[in-house]
Participant: 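Below you'll find the structure I mean.
Lettering of chains follows the sequences in order, A, B, ..., and the numbering in each one begins at 1.
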There are 2 protein chains.
Amino acid sequence: MSVTIYDVAKKANVSMATVSRVINGNTNVKPITRQKVLDAIEELGFRPNAVARGLASRKTTSVGVIIPDVANLFIADLARGIEDIATMYKYHIILSSSDQQKTKEIDLFYNMLEKQVDGIIFMGTTITDEHIEAFKKANIPVILAATIAESEELASVNIDYYQAIQDAIQFIEEKSKGDIGFVTSPLNNRSNEIRKQSFVDAMKKSGKSDAELEKLIFNSDDTYDSGIQASHYFLGLEEKPETILVSSDELALGVIHGLQDEGLKVPEDIAVVGFDNTRLATMVRPTLTTVMQPMYDIGAVSMRLLTKLLQGEQVEEKQVTLPHRIIERDSTK
Amino acid sequence: MSVTIYDVAKKANVSMATVSRVINGNTNVKPITRQKVLDAIEELGFRPNAVARGLASRKTTSVGVIIPDVANLFIADLARGIEDIATMYKYHIILSSSDQQKTKEIDLFYNMLEKQVDGIIFMGTTITDEHIEAFKKANIPVILAATIAESEELASVNIDYYQAIQDAIQFIEEKSKGDIGFVTSPLNNRSNEIRKQSFVDAMKKSGKSDAELEKLIFNSDDTYDSGIQASHYFLGLEEKPETILVSSDELALGVIHGLQDEGLKVPEDIAVVGFDNTRLATMVRPTLTTVMQPMYDIGAVSMRLLTKLLQGEQVEEKQVTLPHRIIERDSTK
DNA sequence: TTTACTCATTCAAACGATTCAATAGATAAC
DNA sequence: GTTATCTATTGAATCGTTTGAATGAGTAAA
């Protein structure tokens, strides 16, 4: 049926081993032989069967990528970062969305192991013992991308979420003395939990009581619509915050539009600060001041880290923290 | 090292063939034997090696997906549709972005063949002879998703782009007698070309001269920023259009904001109609009237079609046209 | 009882590469 | 001239499954 290494060997009058060595760019092949083989390959239109290769070499040059949802703008950016570096290092990507469901995350993980991927990049919600067990059972490197694990042993690439929120609050407080409202993303996600905690700590430090604090927090489900709901919530308060700090950009757009729909002006009446710096941030009026979380870079660095691990390169630190920063636009004054 | 089918066979006191038959849910296994094998599998924590399976069975249960760019909101939706159906039918997805570069598209295609994918879903720009040659050389089914090919032989899933624009124009003309401006997406993409042609035909039919027509068209590169440029362009015309019809939603947001930045009101001064109906359409003020192109569905239907082809199911029609429709929101009056 | 069939199971040959030990030929060292 | 050292190449086992042919046991038909 299809052309195999055997056919090439026959045509070039050499052994399969030699053909294999030519394909793999191995030395110890006489230039003249190499050329003979190359000619035969060309002539037959031979393309090595990656599955057979994978079986024989125990390397598939594919990596598994498990993310919550490709269709999420923010996450797709991560995927793209991974992909670009993977392509650069000649890896293929097997991609799956977990929809933040723990069982699905774990199932997908084992499925990818069956596929004999060389490594896995995982973005998920909270890392449980079950996750860790699965990761350990796998004899391949696993990188957590934009995902927090308490365990020191797991390789990961993140930003410092706690500090990011602290910085955002400091940024806000430099501009305005009023209250700050906070819209969380779902707290089944460790990094969202950390952001909330960071907010809580900061507010307590500036003397807010538990009761006051509670009013300043709106728990959302991370959608545009719940951003709108959040805005209604804050407008319903007796003491409205002067600034609303929001856990994601999409949510922030919802908040902004919710406020505008009620006739308020952003940032004059209420300022809004987002989180992520997705492309959405510039696609809204006023443009959104936001905390940059460089998802593309997180993906790229994760994949690069993975290639290092796969190729046995020295890795100084398995837990990478990428810088964040506040990007000031027009939704704050 | 890892547990193989051989270990299971030994433990259960049966042959590898029997274990294989159990794994594959084959009949002709006595219940009692099946249970013995299942127990052994459980006990040893056996997981079949998909690579070995792939080699032996010549089926990998993975499909290749080639798309212009995962990080594009609109395209990621397609990917998600593909993925959901793939998961349902137990296929894995190998995903790659081509950045609309023809050589990359073709390289990726051949790479996926090397990986022995069972089928490929392809979204690209213009299908050239080179593409068709590659598709034919592959002995596996290929589905074009949201991608036009003139050839009748290729399986594909699309909407009727020509008609969609005709409908949009009719919709606009029912509301307003003024000129219609048109913002194209890059014309290296066949479907964009068709949309433009559709617009041109309609305008000619209503008596526009070539000179008039030319002024009404702005060629963009399909980004938010070029949407802004488009708005400036139209504002610079002596006779400004009353409505601007735009080839994508992201572009349309750019147009809307560009107009608003200049102090115009949408839709009072100028109405805007988008194309795609991405989530962006509701994430802007005014919300965007747009032509729905159901990318998720296109992905899902493509994948379903592929499974049919792979499983030898009867397929009535290899070229599927999905319905489109105009979704009226607030950017038109 | 013999023959013919099923049904359950085993045997062993693929699948298409990689890889390591073995070998032959050429070159260098003594 | 013999031995040692490289270099280029081959042979064959191996990777972990699937799968079709072969086998054997049990049952139904004659």
Side-chain angles (χ1 to χ4, degrees), chain A residues 1-38 40-41 44-62 90 92 111 113-118 139-140, chain B residues 1-38 40-41 44-62 90 92 111 113-118 139-140:
Chain A
M1 185 84 174
S2 56
V3 184
T4 74
I5 201 176
Y6 176 78
D7 303 319
V8 175
K10 215 160 72 175
K11 175 136 215 153
N13 246 305
V14 297
S15 72
M16 286 160 55
T18 301
V19 177
S20 174
R21 248 175 292 108
V22 170
I23 296 169
N24 293 297
N26 201 307
T27 50
N28 282 4
V29 180
K30 235 197 291 190
I32 200 167
T33 312
R34 175 187 310 281
Q35 195 53 52
K36 255 197 316 189
V37 172
L38 256 21
I41 288 177
L44 296 173
F46 167 76
R47 292 193 156 258
N49 179 323
V51 173
R53 279 181 135 177
L55 183 58
S57 68
R58 299 140 162 291
K59 296 221 164 69
T60 54
T61 60
S62 25
K90 312 258 186 229
H92 277 231
N111 280 334
L113 293 186
E114 282 189 13
K115 288 267 177 184
Q116 313 298 121
V117 293
D118 295 341
N139 283 313
I140 55 171
Chain B
M1 186 80 173
S2 55
V3 185
T4 75
I5 201 176
Y6 176 78
D7 303 320
V8 175
K10 214 159 75 176
K11 175 137 216 153
N13 246 307
V14 297
S15 73
M16 286 160 51
T18 301
V19 177
S20 173
R21 250 175 288 107
V22 170
I23 295 171
N24 294 298
N26 201 305
T27 51
N28 283 4
V29 180
K30 237 195 293 190
I32 201 170
T33 313
R34 177 187 308 282
Q35 195 53 53
K36 253 197 319 187
V37 172
L38 256 20
I41 288 177
L44 296 173
F46 167 74
R47 292 191 156 258
N49 179 325
V51 173
R53 280 182 135 180
L55 183 57
S57 68
R58 296 139 161 291
K59 295 218 163 71
T60 54
T61 61
S62 26
K90 311 257 187 231
H92 277 232
N111 281 334
L113 292 185
E114 282 188 14
K115 288 266 176 184
Q116 312 298 118
V117 293
D118 295 340
N139 284 313
I140 54 171

Participant: Taking only N and O in the side chain of Ser20(A), is any of them less than 4.0 Å away from OP1 or OP2 of dT18(C)?
Facilitator: yes
Participant: Please compare Arg21(A) and Leu55(B) by the position of their nearest nucleotide in DNA chain D and report the one closer to 5'.
Facilitator: Arg21(A)
Participant: In whole angstrom, give the distance that lies between atom CG of Asn13(A) and atom C1' of dT10(D).
Facilitator: 13 Å
Participant: May I ask you to evaluate whether Arg58(A) reaches the phosphate of dC15(D), defined as a side-chain N or O under 4.0 Å from OP1 or OP2?
Facilitator: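 For dC15(D), OP1/OP2 do not have a side-chain N/O of Arg58(A) under 4.0 Å.
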Participant: Apply side-chain contact (heavy atoms from CB on, under 4.5 Å) to Arg21(A) and list each qualifying residue two or more places apart in sequence or on a separate chain.
Facilitator: Ala17(A), Thr18(A), Asn26(A), Val29(A)
Participant: Verify the contact: side-chain N or O of Asn28(B) to OP1 or OP2 of dC7(C), cut-off strictly under 4.0 Å; return yes or no.
Facilitator: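 It does not, given that no N or O in the side chain of Asn28(B) lies less than 4.0 Å from OP1 or OP2 of dC7(C).
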Participant: dT9(D), dT18(C), dG16(D): which one has an atom nearest the side-chain heavy atoms of Thr18(A)?
Facilitator: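 For Thr18(A), the side-chain atoms sit closest to dT9(D).
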Participant: Are OP1 or OP2 of dT9(C) and a side-chain N or O of Ser15(B) less than 4.0 angstrom apart?
Facilitator: no
Participant: So, taking the atom named NZ in Lys115(B) and the one named OG in Ser62(A), what distance separates them when rounded to the nearest 0.5 Å?
Facilitator: 3.5 Å
Participant: Measure the distance from CD1 on Ile23(B) to C1' on dT19(D) and round it to the nearest whole Å.
Facilitator: 14 Å
Participant: Once you round it to whole Å, what is the distance between C1' of dA17(C) and NZ of Lys115(B)?
Facilitator: 14 Å
Participant: Grab the CD1-C1' distance between Ile41(B) and dT17(D) for me, whole Å please.
Facilitator: 13 Å
Participant: Hey, which sits more toward the 5' end of DNA chain D by its nearest nucleotide, Val19(B) or Arg34(A)?
Facilitator: Arg34(A)
Participant: Find the distance Asp7(A):CG to dC15(C):P and express it as a whole number of Å.
Facilitator: 11 Å
Participant: Tell me whether the OP1 or OP2 atom of dT9(D) has a side-chain N or O from Thr33(A) closer than 4.0 Å.
Facilitator: yes
Participant: For Ile32(B) and Arg47(A), take the nucleotide of DNA chain C holding the closest heavy atom to each; which residue's nucleotide lies nearer the 5' end?
Facilitator: Ile32(B)
Participant: Arg53(B) has an atom CZ; how far is it from atom P of dC15(D), in whole Å?
Facilitator: 19 Å
Participant: Rounded off to whole Å, could you give me the OH-to-P distance for the Tyr6(B) and dT10(C) pair?
Facilitator: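 These atoms are roughly 13 Å apart.
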Participant: Could you give the CE-to-C1' distance, from Met16(B) to dC15(D), as a whole number of Å?
Facilitator: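 Atom-to-atom, Met16(B) to dC15(D), this comes out as 11 Å.
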Participant: Would you call Ile23(B) and Arg53(B) a side-chain contact if the rule is heavy atoms closer than 4.5 Å?
Facilitator: yes
Participant: For dT18(D) and Asn24(B) - does any side-chain N or O of the residue sit under 4.0 Å from the phosphate oxygens OP1/OP2?
Facilitator: yes
